[in-house]
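Everything on this sheet refers to the single structure shown next.
Just follow the structure's listing: the first ligand is 1, and inside any ligand the first atom is 1. The structure presented is a predicted model; accordingly, all values stated were derived computationally and were not measured.
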Amino acid sequence: MRGMLAEVSDAIVSVFFPAGCRICDGLLAGASRVPLCEGCLSSFERLPGILCEICGRPLQILARKEGEPLLCPACKEKTYAFERARSFAVYEGALVRAILLLKFEQIEPLGAWFAERLAELANAEPDALAADVVVPVPLHRQRERERGYNQAALLSKPLAKKLRLPHKSVLLMRTRARPDKQVLSLEERWESVRGAFATRPGSQVDNLRVLLVDDVLTTGATLDACSRALRDAGAKSVVALTVARAMRNPLPSSVAW
Ligand SMILES: [Zn+2]
Ligand SMILES: [Zn+2]
């Protein structure tokens with residue numbers, strides 16, 4: 001009897017006092033469906049200082065020549081096929097955990113919360129980030145079947161809604177899977193995505209300005225490969241938004257820092 005009572009009271013507690021923050025176990029704000037507490041959500045660190053105008057990488061700049069564009073070494077060498085990339089916050093601390101939750105537990109309210117942050121970035125640079133369609137970076141078909149969803153689409157779908165743009169989840173496909181190896185070197189990262197994406201036959205890309213969405217930008221190789229596929233299919237321009245940006249290993253190895 002006591003056991004049963006305990007079980008019932010546990011059930012009642014879990015209805016009225018849902019589990020705590022999925023990162024720190026702290027108290028959750030009542031009305032939100034996002035399973036992270038205010039403390040964790042506000043701990044995400046925005047990108048510091050001055051950013052490269054193209055790829056959004058933080059720059060260490062002491063002096064700037066008048067009229068000279070602010071570009072990182074990679075963008076000076078025209079490394080990327082996208083026009084612009086921006087990220088919400090630095091890929092570290094609680095944000096790493098939050099991205100894992102999005103990736104492996106399909107927490108849609110968290111995707112929607114991040115989408116709001118990405119919409120703020122898009123609205124902060126309305127001309128530079130203007131687009132006609134929103135497209136998630138695709139997973140390989142087999143990977144998506146195993147996981148049951150594409151985590152990038154958990155971001156791009158609510159983002160498209162906020163920006164009042166059409167969402168095209170099948171415009172782009174990944175034709176070659178990522179190697180199974182857990183950690184890839186810089187060269188392997190670039191090699192593994194080169195030519196790994198294509199637009200779906202029959203999809204209309206001509207003259208479209210595409211906004212690509214992904215969870216993390218590491219080297220920019222994936223966004224670059226997607227952009228090349230879209231440009232080859234006739235896209236007018238490609239811009240990209242990611243939730244997080246890895247600050248270590250930021251540059252492709254062919255470019256000296
Ligand atoms: Zn927390
Ligand atoms: Zn750059």
Side-chain angles (χ1 to χ4, degrees), residues 17-62 64-65 68-105 107 109-114 117 121 124-125 128-129 186 189-190 193 212 214 216-228 231 237-257:
F17 304 96
C21 169
R22 293 292 307 277
I23 290 177
C24 73
D25 216 24
L27 218 58
L28 292 177
S32 173
R33 289 175 59 229
V34 179
L36 302 186
C37 73
E38 281 302 319
C40 285
L41 290 174
S42 60
S43 76
F44 302 148
E45 198 188 313
R46 307 303 293 258
L47 293 154
I50 298 165
L51 307 181
C52 170
E53 284 174 13
I54 293 177
C55 74
R57 175 176 295 119
L59 298 174
Q60 281 123 17
I61 287 191
L62 300 172
R64 181 192 181 188
K65 280 192 206 126
E68 192 180 71
L70 289 164
L71 298 178
C72 74
C75 291
K76 275 185 187 150
E77 296 197 6
K78 299 189 168 61
T79 300
Y80 300 119
F82 49 79
E83 253 90 77
R84 195 158 292 237
R86 292 291 181 264
S87 309
F88 160 58
V90 179
Y91 188 56
E92 63 178 23
L95 190 53
V96 176
R97 305 271 304 273
I99 298 265
L100 285 175
L101 286 171
L102 189 72
K103 206 165 187 161
F104 295 107
E105 300 198 32
I107 299 175
L110 183 58
W113 188 89
F114 283 134
R117 308 288 82 74
L121 291 178
E125 296 183 79
L129 293 169
L186 282 180
R189 271 176 188 280
W190 280 84
V193 292
L212 271 174
D214 206 359
V216 186
L217 186 160
T218 307
T219 58
T222 301
L223 292 175
D224 175 65
C226 290
S227 303
R228 280 174 206 282
R231 296 298 292 262
S237 63
V238 182
V239 295
L241 288 173
T242 70
V243 168
R245 177 176 298 247
M247 302 285 278
R248 266 171 254 143
N249 290 342
L251 286 170
S253 59
S254 61
V255 180
W257 185 221

How far apart are the closest heavy atoms of L212 and S227, and which atoms are they? CD1-OG, 3.8 Å
Any donor and acceptor pair, going by atom type alone, linking the side chain of [X] with main-chain N or O of [Y] inside 3.5 Å?
X	Y	value
R84	A240	no
E53	L70	yes
T79	A74	yes

If you look only at distance, which donor and acceptor atoms sit under 3.5 Å apart when one is on a side chain in residues 95-105 and the other is two or more places apart or in another chain?
from : atom 1 : to  : atom 2 : distance (Å)
R97  : NH2    : I23 : O      : 3.4
E105 : OE1    : R22 : NH1    : 3.2
E105 : OE1    : R22 : NH2    : 2.9
E105 : OE2    : R22 : NH2    : 2.8

Distance criterion under 2.8 Å: protein N/O/S atoms around the Zn ion (ligand 2): 4
Within this structure, what is the CZ-CG distance for the pair F114 and L41, rounded to the nearest 0.5 Å? 7.5 Å
Around the Zn ion (ligand 1), how many protein N, O or S atoms are closer than 2.8 Å? 4
Cationic N near anionic O, under 4.0 Å, E68 to K76: no
Which pairs of donor and acceptor atoms, one on a side chain in residues 26-38, lie under 3.5 Å apart (sequence neighbours left out)?
from : atom 1 : to  : atom 2 : distance (Å)
S32  : OG     : V34 : N      : 2.9

Any side-chain heavy atom of Y80 within less than 4.5 Å of one from L223? no
